[in-house]
Every structure is written in structure tokens, then in C-alpha cells.
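Keep in mind that this is a model prediction, so the values were computed, not measured.
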Amino acid sequence: MHSLKPSLAMKRPRPPPSPPLSFASTKQTSSPPPPKSLHQPKTPPISSKKPKPHTKWVPLNLSQSELSLPLTFPTGQTFRWKQTGPLQYTGTIGPHLLSLKHIQNGDVSYFIHSSPSESAAKLALLDFLNAGISLAKLWDAFSENDPRFSELAKYLKGARVLRQDPVECLVQFICSSNNNIGRITKMVDFVSSLGTYLGSVGGFEFHEFPSLERLSVVSEEELRQAGFGYRAKYITGTVNVLQSKPDGGAQWLLSLRKLDLPEAIDALCTLPGVGPKVAACIALFSLDHHHAIPVDTHVWQIATKYLLPELAGARLTPKLCSRVADAFVSKYGEYAGWAQTLLFIAELPSQKALLPSHFWDIKEKKPAKTKDGNGCSNDGNCS
């Protein structure tokens, strides 16, 4: 069993549904060959066939059971991907602007809108999607230990954990602390707009996430004017700390993938605005710590209903957050964070309404609101 750093309670933002949008396809035309000249150098004859489009929709070789876009992107892991069509989401990975969509049989295809290298774009996409991890094998293992998970998995296939760039993930979750989805999205969009413009899809503009060097010239006052509030000093402070790292902040963050989870959590908590709750999200969604459990108020409710019913009604404290995280790891193993992700998604109102009523036979016992020593109540609000 892994020993996890205690996490403070937080309410994970629940994004609202985005209206389906579509983007127009571009029409390519070919230029006529130049007129013949006596002094024209010898060149191969120009083909009469029209040139192939630079990009097209390409199968990703991931079925819906391995990747469900609606169960992966708008569920609080990232705030940078936009819904740009029915069952279609668009975002950037480094310098690559891509769209993903489900085709008629449920499989996933991708489209490269802008990239310096199509082969590099595909590799980056597969890495971002943690495509080397078989969701089916994980869920088979989880289902053996948990009959309820086995039933839920039949209805909620393809809820995958992403592998984001650590700098991007870090800034997003500093913005998410004690915040709502609307403000988080505006903040993340503002930070993103500081990066290189990559293109427009479905009415949304997309940018490469700015480097630490670019973020280092953004002042706290500029962020406050953009509506960041007290988080402005955390972002500028964190950027300054990262910039002072001997090998660079981006490399330092990547090095945390090689540490044990408690060490990675401790290291992240040295950054301004990063506590155990935010650190656990960063560890799970960008640093390969697949058993990290971000214990928010919803995960607390799941745990007291199905894992630790004896704690129902108890006052939520950092010590109990650690106990909840340990309970998830004990039951689901080294990929406990992936199991927790599906159980969290099952509690979202949009998904809960689609599940048979027998999943909710266990009545939830709601504890009274209390505040811990950090000013955080057990409904996830912090003063």
C-alpha cells in the first residue's frame, strides 16, 4: 500500500455542456503550370492529378471503450479543450492544433489543423491520451475487486486519464483552486492567449500554451486586472520559483515523474498556491502517479458510501483525506486514480441521470458543515 500525503477537501469543478459547433472545411485549388520557355530548366512533368489535402481525418485506432471523448475532456482534467462539433473536441498539444471526434461506429479519429510535423503531432497525441495503457485491462482488474465498478463500467466506457504537460497542468489547477468552472475557463483562456496563435476552429481561437519564459514577463497586476484575484500572486510566484531552478522549471517538473508520490507531492507543495489537493491533481493528470487520489468533497462522499461507510457524518480533516486516499489505493492498486476518475464521473448529474436507479439505492448521509483548521468546510469551500 502506498502512503499518500494528506489532501485537503475541494470541490472539483463541473463544466457545463458546450453547444455543438462545426468548423468549415477549406477548398484547395491547384495552380496552372508555368508557360514553357526555351531557357526553362528540365523538370519532371507536373502530375495531372490534384494534390492531396495536407491533412484529413485519420483513425486513431482507439475504440469508444478505450476513449470516450465526452467522458474524458469535459470532466475537470483539463480546461483547454473545446467542444467544436457533435462528439468532437479540439485543443492544442505543444505546437500542434488537433481535433478528435467519434465516427459512426464509436471509434475515434483525429484531424491535424496545424503542426510543424504530422508524425510528431500523432506521437504527441498518443502520449497525451496515455494510449499505451489499456483501459480494458485496467477495468477488468478493478471489476474483479469491485462488483459495483463492474456494473458502472458497462455504462461509462472510455473514461480515460490524460497525460498533460506538467507546466500547463500546474497553471490550470492553480486557477481551479476554490473556483467555479466559468471563472477557471476564463483564466485559463487568458493565460493560453499569451502563447503562439495556432488557429481557429468552431469559433474558438487556439494557442500553444505559453512557456515559463513568456509567463515570467506577465505581472501580478496584469493578472489581477484579468480577474485572477489572489491567484495572480500564486501564478507569478510559482513561475518565479520555477525559473530559478538550475535545470529550468519545466525540466524540474518532469523530473517529479521519477519520484515516489509522497516526494512528488512534497516538492509540488513548495510552489506558491499549491497545496496537497492541487498537487494530487497535478500528480495524477501530468506526472504519471496513477494512484494519486485528489480527495474533494465528491470523492469523500463516494468513499463514505462505498469504501468507508463508518466515516459517514464525520468531520473531514486532512488525516481523514489521507485515509480515504489509502482506501482507494488498497482496493484498486497502483492505478487507483483511474478507478476514482470513473467513480467520480458516475456521480456527475449528467451521467447519474443515465444510469439505472439501482446504482443509487444506498442513501447518502450528509454530514453537517464544519470547518477544519485550514478554513475548509467539508462541502469543499475554503475561506
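- Closest approach of S219 to T236, counting heavy atoms only: C-CG2, 4.0 Å.
- Of the possible donor and acceptor atoms, one in the side chain of S193 sits under 3.5 Å from a partner among the backbone N and O of F190.
- How far CG of L60 is from CG of L126: 5.5 Å, rounded to the nearest 0.5 Å.
- Minimum interatomic distance between L156 and Q351 (heavy atoms only, all atoms of both residues): CD2-OE1, 3.5 Å.
- In summary, K233 and E221 do not engage in a salt bridge, as defined by a charged side-chain N under 4.0 Å from a carboxylate O.
- The aromatic rings of F149 and W139 sit perpendicular to each other, their planes meeting at more than 60°, with 30° as the lower class boundary.
- Between W338 and Y335, the ring planes are perpendicular. Angles over 60° get that label, and only those under 30° would be called parallel.
- Scanning all heavy atoms of the two residues, the minimum distance from Q88 to S99 falls at NE2-OG, 4.0 Å.
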field: R224 and E220: CA distance, side-chain angles, deciding distance, salt bridge (charged side-chain N to carboxylate O under 4.0 Å, His left out) verdict
entry: CA-CA 6 Å; R224 285 187 178 273; E220 179 183 336; 3.0 Å; yes
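- Using a 4.5 Å cut-off on side-chain heavy atoms (C-beta onward), W81 and T72 make no contact.
- At least one side-chain heavy atom of T341 sits less than 4.5 Å from a side-chain heavy atom of L284.
- Here the side chain of E66 pairs a donor or acceptor atom with the backbone of A136 at under 3.5 angstrom.
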message: Quick one, Q172 with Q164, criterion side chain to side chain donor-acceptor pair (under 3.5 Å). Give me CA distance, side-chain angles, the key distance, then yes/no.
response: CA-CA 11 Å; Q172 289 185 86; Q164 301 177 60; 3.1 Å; yes
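- Listed for the E151 side chain is no donor-acceptor partner under 3.5 Å among the backbone atoms of R148.
- Of the possible polar contacts, one joining the S200 side chain to the F204 backbone as a donor-acceptor pair under 3.5 Å is found.
- Using a 4.5 Å heavy-atom cutoff, the side chains of D146 and Y306 are not in contact.
- Of the possible donor and acceptor atoms, one in the side chain of T238 sits under 3.5 Å from a partner among the backbone N and O of P272.
- The backbone N or O of I112 lies less than 3.5 Å from no partner atom in the side chain of S115, so there is not a single donor-acceptor pair.
- Using a 4.0 Å cut-off between a side-chain N of Lys or Arg and a carboxylate O of Asp or Glu, D189 and K82 qualify as a salt bridge.
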query: Please walk me through it: do T92 and F209 pass side-chain contact (heavy atoms from CB on, under 4.5 Å)?
result: CA-CA 8 Å; T92 68; F209 199 79; 5.7 Å; no
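- Proximity of D107 to L62: side-chain heavy atoms (C-beta onward) are nowhere separated by under 4.5 Å.
- Counting heavy atoms of neighbouring residues, nucleotides and ligands inside a 6.0 Å radius, atom NZ of K245 exceeds 12 of them.
- The minimum heavy-atom distance linking Y89 with P74 is given by the pair OH-CG, 3.8 Å.
- K157 is linked by a side-chain contact (heavy atoms from CB on, under 4.5 Å) to S65, counting only residues two or more places apart in sequence or in another chain.
- Salt-bridge formation is detected for the pair E310/R323: a Lys NZ or Arg NE/NH1/NH2 atom is positioned less than 4.0 Å from an Asp or Glu carboxylate oxygen.
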- request: Mind running side chain to side chain donor-acceptor pair (under 3.5 Å) on S177 and R231 for me, showing each step along the way?
  value: CA-CA 8 Å; S177 179; R231 298 169 196 82; 5.7 Å; no
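- The two residues S109 and I103 make their nearest non-hydrogen contact at OG-CG2, 3.5 Å.
- In this structure, CZ on F79 lies 4.5 Å from CD1 on I184, to the nearest 0.5 angstrom.
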- request: Would you please test L198 and E208 for side-chain contact (heavy atoms from CB on, under 4.5 Å) and show each step?
  value: CA-CA 7 Å; L198 297 181; E208 182 176 2; 4.0 Å; yes
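- The shortest side-chain heavy-atom distance between L311 and W300 falls under the 4.5 Å cut-off.
- Aromatic pair Y197/F206: centroids not less than 6.0 angstrom apart.
- By the 4.0 Å N-to-carboxylate-O rule, D127 lies close enough to R163 to be salt-bridged with it.
- In this structure a side-chain-to-backbone donor-acceptor pair under 3.5 Å is present from R160 to L129.
- What you find for C169 and I282 is that their closest heavy atoms are SG-CA, 4.0 Å.
- Atom-to-atom distance recorded for D288:CG and N130:CG is 7.0 Å, nearest 0.5 angstrom.
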message: Before you tell me yes or no, could you show the steps for L316 and C321 under side-chain contact (heavy atoms from CB on, under 4.5 Å), namely the whole-Å CA-CA distance, both residues' side-chain angles and the distance that decides it to 0.1 Å?
response: CA-CA 7 Å; L316 185 56; C321 285; 3.8 Å; yes
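- With contacts defined as side-chain heavy-atom distances shorter than 4.5 Å, the pair E168/R80 qualifies.
- Side-chain contact between L194 and H207 is absent, with no heavy-atom pair separated by less than 4.5 Å.
- Distance check: L125 CG to K122 NZ gives 9.0 Å after rounding to the nearest 0.5 Å.
- One finds the OG1 atom of T75 at 11.0 Å from the CG atom of L69 (value rounded to the nearest 0.5 Å).
- Side-chain atoms of Q301 never come within 3.5 Å of backbone atoms of A312 as a donor-acceptor pair (strictly under, hydrogens ignored).
- In terms of modelled atom types and a separation under 3.5 Å, the side chain of R214 and the main chain of G195 share no donor-acceptor contact.
- K352 has its side chain out of reach of L348: every pair of non-hydrogen atoms, C-beta onward, lies at least 4.5 Å apart.
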field: Chi angles and distances behind the side-chain contact (heavy atoms from CB on, under 4.5 Å) call for F328, L343
entry: CA-CA 11 Å; F328 272 95; L343 298 174; 3.9 Å; yes
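- No donor-acceptor distance shorter than 3.5 angstrom exists from the side chain of R183 to the backbone of F228, with no hydrogens or angles considered.
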